[in-house]
Amino acid sequence: MLTPRRIEIFKAIVDEYIRTAEPVGSRTLQEQYDLPYSSATIRNDMQVLEEMGYLEKTHTSSGRIPSTLGYKFYCENLLNNAAGIDKRMELAIRSAFDVSSMNIEEAVHQSCEILSEMTNMTAGAIGPDANTQCLEHIKLFPIDMRNAVCVFITDTGHTETKNFHFEDDVPFKDLEACTDILNKRLKGVPLAEVPSRMEDIKPDLCSVVHRHDLLFTAFVRAFVKFASESVYFSGKDRVLYQPEFEDINKLKQLMLMFDDTKVWRGLDSSENAVAVTTTKGAQLTWYNDLAVVRSKFHVNDTESGELMVVGPSRMNYEKVVNLIDYAARLIEKMYNSGGESGNE
């Protein structure tokens, strides 16, 4: 049974383990948290908490550490959801967003960099799923004979901008002719199918576009990146400084996960995942030895993305949840106000 005393002891254990990354014993609890209970009482309650599945005993120490079930209980019941973020962090995030020319993609990447730095963990973003979108229109803006900016627009209103650089000169009329053909043949095609459809269009390009080879390669590469670059990470190297990932095999597995878009999009459906949603709406998922904190942001009526912080289960959840929620709300406000973050 979870009595108030056991909950108090359990919270102290989680807080101490998050702070030190060391298994927690009864003596530490008495010394660091001034608990008004005897060592025997604390040890007995720790044993009960372990039997209930909230704590685990390590092989190297008589102390305990929280289990995944324990972290889930902690985040569901013991987080201070009313707490805001540190004022200095709030000011730093606001200052970073105070750029009127920043587009939504830049804002998301900026958020990831800030979250990674402030949490000392890896931060990432999941963009709208390209597999659910179709190409609506392509706009190509020539800069000079070797450079152009291409804007892809989907049926949901989502836009992506790609810079083209050609090894040789490409006449403006070739750019226009190529764009016209692609718009006619690719409108309504799912983004994931566009690269393969380009092969069918290649003969048409060859017949009317002089430098079709350069343009074909540029567009195929751009479409492939558009369809695959929906997950972005900042600070991947920060996991190197977490003691939980000193095991080289765990580290290799994590690095492979960072490159697999399907892993991050499929977290909720994974049978190995344990998840909980906070009262602020943040989604917390424990997957193997990882903890992933996500907060959704909406870019229009049909599209949304997610910011996330990835790290060991031993993380400062209150700090991370408040930071990621604040950044997500700033992105929403910036996008919905036409590119300015404004003031809350």
Side-chain angles (χ1 to χ4, degrees), residues 1-90 115-122 238-247 250-251 274 276 278-280 282 284 286 288-293 309-324:
M1 179 179 177
L2 275 176
T3 63
R5 185 184 69 211
R6 287 170 183 164
I7 291 175
E8 182 183 6
I9 291 171
F10 171 73
K11 185 178 187 304
I13 291 172
V14 176
D15 291 342
E16 182 66 10
Y17 185 62
I18 287 173
R19 187 180 71 86
T20 66
E22 295 289 338
V24 183
S26 58
R27 181 176 298 179
T28 299
L29 294 177
Q30 280 188 311
E31 294 174 353
Q32 297 294 329
Y33 293 86
D34 296 324
L35 297 179
Y37 316 119
S38 67
S39 294
T41 297
I42 294 174
R43 283 195 299 271
N44 180 66
D45 282 346
M46 290 172 71
Q47 178 65 37
V48 172
L49 288 166
E50 182 181 349
E51 292 170 356
M52 295 177 70
Y54 294 116
L55 296 179
E56 296 175 345
K57 181 181 288 187
T58 67
H59 298 295
T60 58
S61 168
S62 60
R64 265 71 164 196
I65 64 174
S67 65
T68 298
L69 181 63
Y71 282 120
K72 182 176 183 291
F73 175 82
Y74 178 87
C75 292
E76 278 183 311
N77 300 283
L78 302 179
L79 284 186
N80 181 9
N81 290 302
I85 66 172
D86 182 276
K87 291 298 181 184
R88 290 171 297 179
M89 292 184 174
E90 180 180 335
L115 288 170
S116 178
E117 183 176 345
M118 289 186 171
T119 62
N120 199 32
M121 295 184 191
T122 301
R238 293 186 186 273
V239 297
L240 298 172
Y241 305 105
Q242 303 294 340
E244 287 85 350
F245 298 107
E246 290 178 350
D247 185 323
K250 283 187 179 181
L251 188 59
V274 176
V276 64
T278 70
T279 56
K280 284 192 171 184
L284 281 70
W286 292 269
N288 296 337
D289 294 326
L290 282 181
V292 184
V293 181
V309 171
V310 181
S313 297
R314 180 195 55 84
M315 70 164 64
N316 187 332
Y317 291 100
E318 189 171 294
K319 173 183 177 181
V320 172
V321 166
N322 284 313
L323 277 174
I324 201 170

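Position 1 is the first residue of the sequence; numbering continues from there. Only heavy atoms go into these numbers, but all of them, side chains included; no hydrogens, no water, no symmetry mates.
Defined by atom type and a distance below 3.5 Å, a donor-acceptor pair is missing between the side-chain atoms of Y33 and E8.
We find the CG-CG distance between D15 and L29 to be 10.5 Å, quoted to the nearest 0.5 Å. In this structure, CD on E244 lies 10.0 Å from CG on L290, to the nearest 0.5 angstrom. Interatomic distance, CG of N316 versus CG of L79, reported as 9.0 Å (0.5 Å rounding). With values rounded to the nearest 0.5 angstrom, S67 atom OG is found 14.5 Å from K57 atom NZ. To the nearest 0.5 Å, the span separating OG on S313 from OH on Y74 amounts to 13.5 Å. Here the straight-line distance linking atom CZ of F73 with atom CD1 of I7 works out to 4.5 Å at 0.5 Å rounding.
Taking the side chain as every heavy atom from C-beta outward, I65 and L55 never approach each other to under 4.5 Å. No side-chain heavy atom of F10 sits under 4.5 Å from any side-chain heavy atom of L2. You'll find the side chain of M315 reaches within 4.5 Å of the side chain of Y317, heavy atoms only. R314 places none of its side-chain heavy atoms less than 4.5 Å from the side chain of P66. A 4.5 Å side-chain heavy-atom check between L251 and V239 finds at least one atom pair inside the cut-off.
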Exercise for the section: Please step through side-chain contact (heavy atoms from CB on, under 4.5 Å) for the pair I9 and L35, ending with a clear verdict. Expected result: CA-CA 8 Å; I9 291 171; L35 297 179; 4.1 Å; yes
Practice task
Check step by step if side-chain contact (heavy atoms from CB on, under 4.5 Å) holds for L284 and V292.
Solution key: CA-CA 6 Å; L284 281 70; V292 184; over 6 Å; no
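Within a 6.0 Å sphere centred on CD of Q32, other residues, nucleotides and ligands contribute more than 12 heavy atoms.
With sequence neighbours left out, the side-chain hydrogen bond (donor to acceptor under 3.5 Å, both in side chains) criterion links Y71 to no other residue. Legend: residues meeting side chain to side chain contact (heavy atoms under 4.5 Å, CB included) with P4, ordered by chain and number and at least two apart, are absent. In this structure, the side chain to side chain contact (heavy atoms under 4.5 Å, CB included) partners of Q30, at least two apart in sequence or on a different chain, are S39, I42. Here D86 pairs with R88 under the salt bridge (charged side-chain N to carboxylate O under 4.0 Å, His left out) rule; sequence neighbours left out. Every residue meeting the side chain to side chain contact (heavy atoms under 4.5 Å, CB included) condition with T119, not counting sequence neighbours, appears here in chain and number order: M121, V309, V320, L323. Partners of N120 by side chain to side chain contact (heavy atoms under 4.5 Å, CB included), not counting sequence neighbours, listed by chain and number: R238, Q242. Looking at residues two or more places apart in sequence or on another chain, you find a salt bridge (charged side-chain N to carboxylate O under 4.0 Å, His left out) between E16 and R19.
Among residue pairs with one or both ends in residues 40-55, those qualifying as side chain to side chain donor-acceptor pair (under 3.5 Å) are R5-D45, R6-D45, S38-T41, Q47-E51, Q47-R64, E50-R64; sequence neighbours excluded. Judged as a salt bridge (charged side-chain N to carboxylate O under 4.0 Å, His left out), the pairs with a partner in residues 65-75 (not counting sequence neighbours) are, in order, K72-E76. Listed by first and then second residue, the salt bridge (charged side-chain N to carboxylate O under 4.0 Å, His left out) pairs involving residues 27-37 amount to none (not counting sequence neighbours).
Between M46 and S26, the closest heavy-atom pair is SD-N, 4.1 Å. Heavy atoms only, all atoms of each residue included: S116 and T122 are closest at OG-CA, 4.4 Å. V24 and Y17 make their closest contact through CG2-N, 3.9 Å (heavy atoms, listed as atom of the first residue, atom of the second, distance).
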